[in-house]
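In what follows, every heavy atom counts, from backbone to side chain, and hydrogens, waters and symmetry copies are set aside. Letters go in sequence order (proteins before strands), and every chain restarts at 1. Being a predicted model, the structure only gives us computed values, none of them experimental.
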There are 2 protein chains.
Amino acid sequence: MTQKRRRGTELEEAIYQATREILDKEGLPALTFPKVAEMAETSKPVIYRRWHSPFALAIAAIQDKIKLENNGRTDEIKFTGNSLRDDLLQVMQRFIVSMNTFGKSYMSVFFSGMSEQENEAMQKMIMESARIDVSAIDRVLERAQKRNELSVINVTNDLKLLPFEWLRYHLFLNKKVDNKKLTMLVDDVLIPSYQHVFQNRLK
Amino acid sequence: MTQKRRRGTELEEAIYQATREILDKEGLPALTFPKVAEMAETSKPVIYRRWHSPFALAIAAIQDKIKLENNGRTDEIKFTGNSLRDDLLQVMQRFIVSMNTFGKSYMSVFFSGMSEQENEAMQKMIMESARIDVSAIDRVLERAQKRNELSVINVTNDLKLLPFEWLRYHLFLNKKVDNKKLTMLVDDVLIPSYQHVFQNRLK
DNA sequence: CTTAATAAGAAACCAATAGTATCTTATACG
DNA sequence: CGTATAAGATACTATTGGTTTCTTATTAAG
């Protein structure tokens, strides 16, 4: 009855896909090895040999997806705007898109019981994405400076990260972020804030 | 061997306490009825009769805690500050305290697989806390207006909620919010933003 | 081409435990 | 004091997560 056997990368890819499907549809609590094996049309031992917990598998599956869809990174945007405002909107829009490729479902993974090293892996992923976000804002601010809109060398990292964190909060909670919210963020929060820091710099 | 039997509220309180203890120490995945029964020193049927899932029990236990510790609500603050800045800092500090009484552990509950009605209950809790947060900011802005600092009738709800959401994001992710971050939020973000909306109103 | 090493998959098995049913008896209330 | 109600003990069942063993397809080496 056993005709073909997948191995190596091909097999693992099928397992990752099954993992993500379960994660999307039912969340982490429902992610068990037997279920993954069935959905990936392989056998339990294959899974058990490779990962030592459903959580570890979940992380691996997510990282695999990140590797696959390496697009949408906010630090690789080709800016088309002619103002600080345009650039900021562009970054934020792009950010929302790239966040949506991971569903909120993956977020459950973040907040579940994690072991020490699992938590560490998680923290690393978060740190990495923070680095990317900051560099995107840096590029935007540089462009603004070249346009002589403002000079904001002393914007803190915390401030740079704020818009991303606010957006992530909404995506976590599955709250819609429409254009109205986004322009509010850019026009009423970010730009006034940058300008304020700029003014202060001059004083 | 059975001497005394607790009933009604007394019994339920013990169950809630046990539930919270497990939630704190091991998270939602570890919350099972048998374990709760053992920890609360009662029997499984007692639990099974009352709740139909560990998740439902978790929600009930959290709501019970909210009811018990009805203090720390940001809308009941007795303001002592003499400026918009002072008031804002006070609200945010209070908010952090009240959020900390719930650990991040509770957050895992929010993000786990929820049924329809469970999700509804959750949304209601979030909406309620949003209402409270908005009313706190409203009071602060009113006071600012009376002081003739600024008039900001047309601040949107989204903008009013932003600081709370940002803080919650950090508390979710177990990130420290020190005084430096807090003053950054108030001085470099909120006040400039309110002032900007104020200016715009005048134009 | 043959053969040996490797790893996938099938299947049976074990152990833990979530959930249920039954029965006894403490407690509350009329 | 008697009856209804609900707590708690206990035993049982059924599910299922995890393990072990063995067969065999696949790959790589000789």
Problem - Out of D:dG17, C:dA11, C:dT24, whichever nucleotide has its closest atom nearest the side chain of B:R5 - result: C:dT24
Exercise for the section: Take atom CD of B:E12 and atom P of D:dA6, then tell me their distance rounded to the nearest Å. Expected result: 12 Å
Problem - Nearest-Å distance for atom pair CG/P, residues A:L31 and D:dT16 - result: 15 Å
Practice task
May I ask you to verify whether the side chain of A:R7 and the base of C:dG9 hold a donor-acceptor pair under 3.5 Å?
Solution key: no
Problem - Options C:dG19, D:dT20, D:dA9, nucleotide nearest the side-chain atoms of A:P45 - result: D:dT20
Practice task
Measure from CG on A:L57 to P on D:dG17 and round the result to the nearest Å.
Solution key: 14 Å
Exercise for the section: Please say whether more than 12 non-hydrogen atoms of neighbouring residues, nucleotides or ligands are located less than 6.0 Å from CG in B:N82. Expected result: no
Fill in the blank from the handout: Paired with B:F33, the ring pair (Phe, Tyr, Trp, His ring centres under 6.0 Å) test is passed by just one of B:W51, B:Y48, B:F55, namely B:Y48
Exercise for the section: Measure distances between side-chain N and O atoms of B:K44 and base N and O atoms of C:dG19, and say whether any donor-acceptor pair falls under 3.5 Å. Expected result: yes
Practice task
Measure the distance from CD on A:E10 to C1' on D:dT26 and round it to the nearest whole Å.
Solution key: 12 Å
Problem - Rounded distance in Å - CD1 (B:I47) to P (D:dA9) - result: 12 Å
Fill in the blank from the handout: One should read off an interatomic distance between A:T32 OG1 and A:K35 NZ, to the nearest 0.5 angstrom, of 5.5 Å
Practice task
Check whether the ring centres of B:F164 and A:W166 lie less than 6.0 Å apart, and answer yes or no.
Solution key: no
Fill in the blank from the handout: Atom CZ of A:F33 and atom P of D:dG18 are separated, to the nearest Å, by 7 Å
Practice task
Please evaluate the base of C:dG9 for a donor-acceptor partner in the side chain of A:R6 within a cut-off of under 3.5 Å?
Solution key: no
Exercise for the section: Give a yes/no on whether any side-chain N or O of B:R50 is located under 4.0 angstrom from OP1 or OP2 of D:dA7. Expected result: yes
Practice task
Mind calculating the distance between NZ (A:K35) and C1' (D:dG17) to the nearest angstrom?
Solution key: 12 Å
Practice task
Report, as yes or no, whether the 6.0 Å neighbourhood of atom CD on A:E38 holds more than 12 heavy atoms from other residues, nucleotides or ligands.
Solution key: no
Exercise for the section: Output yes when at least one side-chain N/O atom of A:S43 is less than 4.0 Å from OP1 or OP2 of C:dA8, else no. Expected result: no
Completion exercise
Rounded to whole Å, OH of A:Y48 lies from P of D:dT16 at a distance of 13 Å
